Amino acid sequence: MNRTKIKAVLDSPQQNYQACVKGWVRTFRNNQFIALNDGSTINNLQLVVDFNNTPEETLKRITTGACISATGEVIASLGKGQKYELKVSSLEILGDSDAEKYPLQPKKHSLEFLREIAHLRFRTSTFSAVFRVRNTLANAVHQFFQQRGFVWVHTPIITASDAEGAGQMFRVTTLDLNNLPKNEEGAIDYTQDFFGKSTNLTVSGQLEGELAATALGDIYTFGPTFRAENSNTTRHLAEFWMIEPEMAFYDLNDNMNLAEEMLQYVIKEALENCADDIAFLSERLAEEEKQKPQQERSEMNLLEKLKFCTENHFERITYTQAIDILRESNHNKKKKFTYLIDKWGVDLQSEHERYLVEKHFKKPVILTDYPKEIKAFYMRQNEDEKTVRAMDVLFPGIGEIIGGSQREERYSKLLQRMEEMHIPAHEMSWYLDTRRFGSCPHAGFGLGFERLVLFVTGMTNIRDVIPFARTPKNCEF
RNA sequence: UCCCUGAUAGCUCAGCUGGUUAGAGCACAUGACUGUUAAUCAUGGGGUCCUUGGUUCAAGUCCAAGUCGGGGAGCCA
């Protein structure tokens, strides 16, 4: 008999038919009730075993974690708590699980403990839900861009350019680290390395994305990105996935519209396609928040928060307006900020971003037109000569989820800015060629995929939304 | 990297101003029960108290260094 997925059994209006299911035992109650999960849905199928006519040896092998195959009739459940159950007529143990050694128990485990057994945490309700949502979001990102005629471009993972200035990079080499070749000056001789030069893992596909956008029009990248920063936070990974759209003929306004539309689209897709998972995660988060003092609990639950985001426009304000709001806030006047806002030009700390998003506007906020001193060289300079056409999308609980800008398309302005910021222009002639030949206004942004998954799943540590997290001092599995 | 904080049974945790044989719930094993929902009841086994060094008659408990975890900050997506 062909195997039926548990999701299909539970979703079907049919009953009183024969079916074969396969999956992993979550718990075995009362010597007759198996809660079986096969990953197709967060919901378990209850199997009812006739223990009087089942060998003692078989019953003993039905343990938490064991993999089994069961055939029988799907009937309306006699007990409460589930619609259907499978009355088992034949049962086979496909893989035993030594109950004494299997680390997962039918009880709540801490996320910290599960992180240490990341190879098994897929088998928990929480993590299977998280990774189904992650999949749906990834798929929705592609759908969104493909529907609009964007071209998915595969930018390189190994790069030779170290001029992007976006933080520490991981070195890529085949040189023998115990016996490094030296040149006449005593420095490492990279001409003997695999690529004949010093190479690193990419920190961003943006610059290559711009090359493609100034020919294909609208493009996006979606791939792994690497930062060797010694960041120990709930929002940073050394290896993460980034989505970077880049659009010819877009200005900052178009850029903001696209960012907002995209976020709302993918959240909606998750709400529609992962309703059970998100309902479970919403409940999980509410339970977790019960431990917190009243003041720190969020006003909306996860489900409400997600719906709110899809139904309301994001607030759009300039850096200058944000500074005014912050400076005039009671929070600032009562000196509750660790870093008080006194003058224009300072970079915003996360406490300020959180205040704007979580206290003042209580919704996602897009901040634009930052002082040029605190932003990257490639952002388009405004007429005021002080600010650049940058945008940061800030989300409650997450902070910056998107960073982007309209790009500086004017060759001389770009070159001047690179000189001021000590970016070696001679190493980036390939990038400057886009401005030298048929330059055009364009814009783009970078979306941290895991931060999006964090927001939609309501998880609070980024290490829990990627299967195998890479962080400083941690590269297990 | 900086600040705060933690590490005791497979898991979650208690263990007071240092003191004799380190506890609980869950898990596991055995038995009972059999329409359960993290099933229930009884009994039982289970410990490198993170590591190293120090103080002391005596250290799970105090001190120092280290390792790893958690929260916050910086960097950013």
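The analysis underlying the following values was restricted to heavy atoms, covering all of them including side chains, and did not include hydrogens, waters or symmetry mates. Nothing here was measured: the structure is a model prediction, and the numbers come from that model. Order of the sequence lines fixes the chain letters, A, B, ..., with proteins taken first and strands second; residue numbering starts at 1 for each chain.
- Atom pair E100(A):CD and C26(B):C1' shows a separation of 15 Å (rounding to whole Å applied).
- One atom, CG of L104(A), and another, C1' of A27(B), lie 12 Å apart when rounded to the nearest Å.
- If you take CZ of F28(A) and P of G35(B), they are 14 Å apart, rounded to a whole angstrom.
- Comparing the same atom, P, in G47(B) and in C2(B) gives a spacing of 38 Å after rounding to whole Å.
- Rounded to whole Å, the separation between the P atoms of C62(B) and G69(B) comes to 23 Å.
- U20(B) and C63(B) are spaced 25 Å apart, taking the C1' atom of each and rounding to whole Å.
- Electrostatic pairing of E400(A) and R451(A) does not count as a salt bridge here, judged by no charged N lying under 4.0 Å from a carboxylate O.
- The residue among F51(A) and T234(A) whose nearest nucleotide of RNA chain B lies closer to the 5′ end is F51(A).
- Using Watson-Crick or G-U wobble geometry with both donor-acceptor distances under 3.5 Å, G19(B) finds its partner in C57(B).
- Among the heavy atoms of the strands lying under 4.0 Å from F33(A) is at least one base atom, whether or not backbone atoms are also near.
- U67(B) and A32(B) have their C1' atoms separated by 48 Å, given to the nearest Å.
- If you take atom P in U12(B) and the same atom in U8(B), they sit 8 Å apart, rounded to whole Å.
- The pair E261(A)-R148(A) counts as a salt bridge, with a side-chain nitrogen and a carboxylate oxygen less than 4.0 angstrom apart.
- Of the nucleotides present, U67(B) is the one that pairs with A7(B) by Watson-Crick or G-U wobble criteria, both distances under 3.5 Å.
- Within the 4.0 angstrom heavy-atom criterion, no nucleotide atom of any strand lies near K101(A).
- Residue S350(A) places at least one side-chain N or O under 4.0 Å from the OP1 or OP2 atom of G74(B).
- Taking the C1' atom of each, G18(B) and C49(B) are spaced 15 Å apart, rounded to whole Å.
- Look at CD on E112(A): it is 13 Å from C1' on U5(B), rounded to the nearest Å.
- Among the atoms of the strands shown, none is found under 4.0 Å from any heavy atom of T64(A).
- With 3.5 Å as the limit, one finds no donor-acceptor pair spanning the side chains of T136(A) and R132(A).
- Residue side chain N31(A) does not reach the base of U36(B) through any donor-acceptor N/O pair under 3.5 Å, judged by distance alone.
- Aromatic rings of Y431(A) and Y378(A) (six-membered ring for Trp) have centroids beyond the 6.0 Å cut-off, not under it.
- For A27(B), there is no paired nucleotide, since no Watson-Crick or G-U wobble pair has both relevant distances below 3.5 Å.
- Using a 3.5 Å distance cut-off with no hydrogens or angles, the side chains of T225(A) and W241(A) do not pair a donor with an acceptor.
- Note on R463(A): only backbone sugar-phosphate atoms sit closer than 4.0 angstrom, heavy atoms only; bases stay farther off.
- Remark: the H236(A) side chain and the C76(B) base include a donor-acceptor N/O pair separated by less than 3.5 Å.
- In this structure, H442(A) has its ring center no closer than 6.0 Å to that of Y250(A).
- As rounded to whole Å, 13 Å separates atom P of C3(B) from atom OH of Y339(A).
- Where E56(A) and Q46(A) each meet RNA chain B at their nearest nucleotide, the meeting point lying more 5' is that of E56(A).
- Note on K87(A): nothing from the nucleic acid sits closer than 4.0 angstrom, heavy atoms only.
- Residue contacts for L452(A): at a heavy-atom cut-off of 4.0 Å it reaches no nucleic acid atom on any strand shown.
- Within 4.0 Å (heavy atoms only), N461(A) reaches sugar-phosphate atoms of the nucleic acid but no base atom.
- Picking from A77(B), G70(B), G35(B) the nucleotide with the shortest atom distance to the side chain of R115(A) gives G70(B).
- Distances shorter than 4.0 Å separate none of the side-chain N or O atoms of R235(A) from OP1 or OP2 on G72(B).
- On a pure distance criterion of 3.5 Å, a polar donor-acceptor pair joins the side chain of E85(A) and the base of G35(B).
- If you take CZ of R284(A) and C1' of A38(B), they are 17 Å apart, rounded to a whole angstrom.
- Under 3.5 Å, the side chain of Q349(A) and the base of G74(B) form no donor-acceptor pair of N or O atoms.
- Of the candidate nucleotides A73(B), G35(B), A29(B), G35(B) has the atom lying nearest to any side-chain atom of N30(A).
- Atom-to-atom, CD of Q82(A) to P of A39(B) comes out at 13 Å; the value is rounded to the nearest Å.
- Among the heavy atoms of the strands lying under 4.0 Å from G79(A) is at least one base atom, whether or not backbone atoms are also near.
- Across all strands shown, T27(A) has heavy atoms under 4.0 Å from sugar-phosphate atoms exclusively, and none from any base.
- Atom pair K80(A):NZ and A39(B):C1' shows a separation of 15 Å (rounding to whole Å applied).
- In terms of phosphate contacts, T233(A) brings no side-chain nitrogen or oxygen within less than 4.0 Å of OP1 or OP2 of G72(B).
- In this structure, K5(A) does not pair ionically with D38(A), as no charged nitrogen and carboxylate oxygen lie closer than 4.0 Å.
- Between Y220(A) and H142(A), the gap from one ring centroid to the other is short of 6.0 Å.
- With hydrogens and angles ignored, a donor-acceptor pair under 3.5 angstrom links the side chain of S231(A) to the base of C75(B).
- Here, C16(B) and A22(B) have their C1' atoms 15 Å apart, quoted to the whole Å.
- Between F395(A) and F314(A), the distance separating the two ring centers is shorter than 6.0 angstrom.
- Note on N230(A): a side-chain N or O is less than 4.0 Å away from OP1 or OP2 of U1(B).
- Look at R29(A) and you'll find a side-chain N or O under 4.0 angstrom from OP1 or OP2 of A39(B).
- For the P atoms, the distance from U21(B) to A27(B) is 31 Å, rounded to whole Å.
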